[in-house]
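Worth saying up front: this structure is predicted, and the values here are computed from it rather than measured. Reckoned from all heavy atoms, side chains included, excluding hydrogens, waters and symmetry mates. Below, chains carry the letters A, B, ... as their sequence lines are ordered, and counting in each starts from 1.
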There are 2 protein chains.
Amino acid sequence: MADTARPARSSRRRYGLRPTMKDVAARAGVGLKTVSRVVNGEPGVTPDTERRVREAITALGFRRNDSARILRKGRTASVGLVLEDLADPFYAPLSRAVEEVARAHGALLINGSSAEDGERERELALALCARRVDGLVIIPAGDDHRYLEPEISAGVATVFVDRPAARIEADAVLSDSFTGAREGVAHLIAHGHRRIGFIGDLPRIHTAAERLRGYRAAMAEAGLAVDGSWVALGPTGPGRVRADAERMLVGRGSAAGPVTALLTGNNRVTVTVVRVLAGLERRVALVGFDDFELADLLTPPVTVVAQEPALLGRRAGELLFRRLEGSGEEPRRVVLPTRLIPRGSGEVPPHS
Amino acid sequence: MADTARPARSSRRRYGLRPTMKDVAARAGVGLKTVSRVVNGEPGVTPDTERRVREAITALGFRRNDSARILRKGRTASVGLVLEDLADPFYAPLSRAVEEVARAHGALLINGSSAEDGERERELALALCARRVDGLVIIPAGDDHRYLEPEISAGVATVFVDRPAARIEADAVLSDSFTGAREGVAHLIAHGHRRIGFIGDLPRIHTAAERLRGYRAAMAEAGLAVDGSWVALGPTGPGRVRADAERMLVGRGSAAGPVTALLTGNNRVTVTVVRVLAGLERRVALVGFDDFELADLLTPPVTVVAQEPALLGRRAGELLFRRLEGSGEEPRRVVLPTRLIPRGSGEVPPHS
DNA sequence: CCTATCTCTGACAACGTTGTCCACTCCATC
DNA sequence: GATGGAGTGGACAACGTTGTCAGAGATAGG
């Protein structure tokens, strides 16, 4: 008796006795395919038969197994999102926007946080590919995305956001970090500042490099030299940022003297620097990259170079689904403008 | 010839020519199962055979199809999270914490935003069940979760967070909203306030109802009557909240006069009210439910009743995986304490 | 030299669904 | 009463993987 090898009866399987279409068919006294037709709203079933099937479905608590459906149909109606940190106030609305686009296309969003670690980004992206997501939206942490090549050529639509892909050609949706930073620094210069510092993210991160470039460009355009001690790139944890800010503000290790104004490279840096400045006697001008909630209610209100994270996400989602619908266009790069929002902190005059 | 019906060759299928184990096996000149063994690191494969298989895998760019694996194995190693809004600064860290727990257990997190709509919550939760997530974490929007009963008894571990399930028994991880609100109001009373308003979320939301209860309890304990015009529950959009706040502050429609202090029911409400108060001449005391970034840098710094969203998420995740590992315990309710953080805005003395 | 034991390998079925295709029923028509 | 067609229903294979089990060699022991 080979049957003894099978522990479970056909009607109640596994730990969680999930009924299948077969069980529904048996109970309703119809064929398997008829149940499938009812479940999928396909035509060709008499009202009476349909009623019997529906009764059986509710009686058994049947729910279609989408894993099996996916396997059979090939497409999963889900897209993956890999970002740095879901809880970051910049990325959260971006994620939400991608979700909305996915939802409009009937797809679910699976997301994972890379914690700014290239290896973890890779693991996540590949795990999502193994689940056969139809598409991927990636805010890259790593500096080599060739590992995605087989996936992309196997048909996984892929869009990069906030930062471009490294070493492969792929769609990207970016903010114009260079221009944004340049305008921010020009704003400070226009208000009389000559010694301006920049505190940014790790230099390997594209946006950080671009913002630094924008900073240097604005300084150069104004004929201002940049002292080496005025630029500090690194991790955006409060400790490092606080130390660098304090160093620049007293002018320690600098022949050129302390800075009178700061450009901060992203929302986390800005918040830390706002804290540092709040403890100071003298007033220091500040322009922050990224808008943030309550910036307008601080004293002084914080002038920012604003991006639109939700728009970045939406554009990325739209690009993704356009690809999924089979546009065979070349990879393209969408660059969104930033917007300088003067609120006061950028208009503080130089101290010395 | 029935074969003409099959358009694709066996080695390159579908749009995106995904190689399968069969293809790998053919190329390596071994059996299907041997490939499976190599991919899964099972013992019993000679080094030489393994090498051949690995070569074929990289040559073809093979990646295991987890959909098929899931179908076969029964467990998906993924959990679902349904919350109101991924972009909300309260829920984002909660989501991230659940993700971390899932990651520690080798599972992926699929999340969806219900937009505070019970019907959408239901759709999302059931869609996740259809994908056969192993477990579900839900921040409920709806007021009847009986639709989950078949899923739960089919083995989907389910944990509710922030608010309890309605009309079913299920695990829940909550903050102690009642005590938190009571302490917040007691703090205001201790600083001399007698006319205290409460602006909260929709009354059908459990936390809003509990916070209102806490507010009333504190008032009653101090022997203070509550004027009907001092309580405003409703959607937390800025328009409604602003209107209610302004109404309370001038005492329009109230025999008892304008309030001198406010308890706000969640972070969104607090932020809107902070904006309203910033435009006022007189100083109004404020205690906000939920801590938020920069609360300490506003003028005056905002006193809050803090919850720990990340801890809520972590506990929920842990509870979920404990269930998944088969603890057959009764559904339990975990209640986490809140913490009053005095910063100044709650200590403003009454105006009149 | 034959058998017993062990290691490695592969054929086959099954997971739950959907697509293809054929069979059957029922009615209207000739 | 046979014929045709439309309208239903169901048998079967396939999606890509894993578990079971048995077969094929190799080695050792009698």
Side-chain angles (χ1 to χ4, degrees), chain A residues 2-8 10-11 13-26 28-50 52-53 60 62-77 130-132 154, chain B residues 1-8 10-26 28-50 52-53 60 62-77 130-132 154:
Chain A
D3 270 349
T4 55
R6 288 180 55 198
S10 78
S11 67
R13 41 197 93 237
R14 228 163 277 289
Y15 23 79
L17 54 144
R18 275 280 188 192
T20 72
M21 283 193 180
K22 195 167 153 190
D23 302 317
V24 174
V30 302
L32 188 55
K33 189 63 220 279
T34 302
V35 178
S36 171
R37 273 193 271 261
V38 171
V39 169
N40 293 294
E42 287 169 27
V45 182
T46 28
D48 183 58
T49 310
E50 172 166 354
R52 290 213 317 282
V53 171
L60 295 173
F62 166 78
R63 184 164 318 282
R64 182 178 62 195
N65 184 331
D66 274 354
S67 287
R69 174 169 225 258
I70 283 165
L71 176 60
R72 185 61 232 250
K73 304 204 78 156
R75 292 241 146 170
T76 60
R131 304 259 168 149
R132 294 293 185 269
Chain B
M1 295 213 220
D3 270 348
T4 55
R6 287 180 57 199
S10 77
S11 66
R12 50 180 57 196
R13 37 198 96 238
R14 229 165 277 291
Y15 23 80
L17 51 145
R18 274 281 186 193
T20 73
M21 283 192 181
K22 196 167 152 189
D23 302 318
V24 175
V30 301
L32 189 54
K33 189 63 222 277
T34 302
V35 178
S36 172
R37 273 191 271 262
V38 170
V39 169
N40 293 294
E42 287 169 29
V45 182
T46 28
D48 182 59
T49 311
E50 173 165 351
R52 289 213 317 284
V53 171
L60 295 173
F62 167 79
R63 184 165 319 283
R64 183 177 62 195
N65 183 331
D66 273 355
S67 286
R69 173 170 225 255
I70 283 164
L71 175 61
R72 184 63 232 251
K73 303 205 79 156
R75 292 244 147 168
T76 61
R131 303 257 167 151
R132 294 295 186 270

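- Under 4.0 angstrom from either OP1 or OP2 of dG9(D) there lies at least one side-chain N or O belonging to T46(A).
- Smallest separation of non-hydrogen atoms from T20(B) and F62(B): C-CE1, 3.7 Å.
- Residue S67(A) is classed as having no contact, given no heavy-atom separation below 4.0 Å to the nucleic acid.
- Contact check, K22(A) against dC15(C): no side-chain N or O comes under 4.0 Å of OP1 or OP2.
- Evaluation of atom-type donor-acceptor distances gives a pair under 3.5 Å for the side chain of K33(A) against the base of dG19(C).
- Atom-to-atom, CG of D48(A) to P of dG7(D) comes out at 18 Å; the value is rounded to the nearest Å.
- The residue G44(B) sits close to a base: some heavy atom pair falls under 4.0 Å.
- In this structure, the helix from dC1(C)-dG30(D) to dC30(C)-dG1(D) shows an angle of 70° between the axis at its start and the axis at its end, each fitted on 5 base pairs and rounded to 10°.
- Here L60(A) pairs with P19(A), D23(A), V24(A), R27(A) under the side-chain contact (heavy atoms from CB on, under 4.5 Å) rule; sequence neighbours left out.
- For D23(B) and dC15(D), the CG to C1' distance is 13 Å, given to the nearest whole Å.
- Regarding contacts with the backbone of dC15(D), every side-chain N or O of R132(A) stays at 4.0 angstrom or more from both OP1 and OP2.
- Of the candidates dT17(C), dG16(C), dT17(D), the closest approach to any side-chain atom of F62(A) belongs to dT17(C).
- Residues satisfying the salt bridge (charged side-chain N to carboxylate O under 4.0 Å, His left out) criterion with R64(A), sequence neighbours excluded, are D66(A).
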For a side-chain contact (heavy atoms from CB on, under 4.5 Å) check, start with the C-alpha distance between R18(A) and N65(A), then their side-chain angles and the critical distance, and finish with the verdict. CA-CA 9 Å; R18(A) 275 280 188 192; N65(A) 184 331; over 6 Å; no
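- By the salt bridge (charged side-chain N to carboxylate O under 4.0 Å, His left out) test, R63(A) is found to be paired with E151(B), residues two or more places apart in sequence or in another chain being considered.
- Nearest nucleotide to the A68(A) side chain, out of dT17(C), dT18(D), dG10(D): dT17(C).
- Whole-Å rounding puts the M21(B) CE to dA13(C) P distance at 19 Å.
- Spacing between atom CZ of R52(A) and atom P of dG10(D) amounts to 8 Å, rounded to whole angstrom units.
- Minimum interatomic distance between S67(B) and I70(A) (heavy atoms only, all atoms of both residues): OG-CG2, 3.3 Å.
- What separates CG of L71(B) from C1' of dT18(C) is a distance of 13 Å, to the nearest Å.
- Legend: residues meeting side-chain contact (heavy atoms from CB on, under 4.5 Å) with A26(B), ordered by chain and number and at least two apart, are absent.
- With sequence neighbours excluded, the residues forming a side-chain contact (heavy atoms from CB on, under 4.5 Å) with A77(B) are R131(A), listed by chain and number.
- In this entry the distance linking CG of L32(B) with C1' of dC15(C) reads 15 Å, nearest Å.
- Summarising the geometry, the separation between CZ on R131(B) and P on dG16(C) is reported as 18 Å, rounded to the nearest angstrom.
- The CG atom of D66(B) sits 15 Å away from the C1' atom of dC15(C) (whole-angstrom rounding).
- Scanning for salt bridge (charged side-chain N to carboxylate O under 4.0 Å, His left out) contacts around R52(A) gives D48(A), with sequence neighbours left out.
- Side-chain nitrogen and oxygen atoms of R72(B) include none within less than 4.0 Å of the OP1 or OP2 phosphate oxygen of dC15(D).
- Listed by residue number, the members of residues 34-42 of chain B with any heavy atom below 4.0 angstrom from DNA chain C are T34(B), R37(B).
- For R69(B), the salt bridge (charged side-chain N to carboxylate O under 4.0 Å, His left out) test picks out no residue, with sequence neighbours left out.
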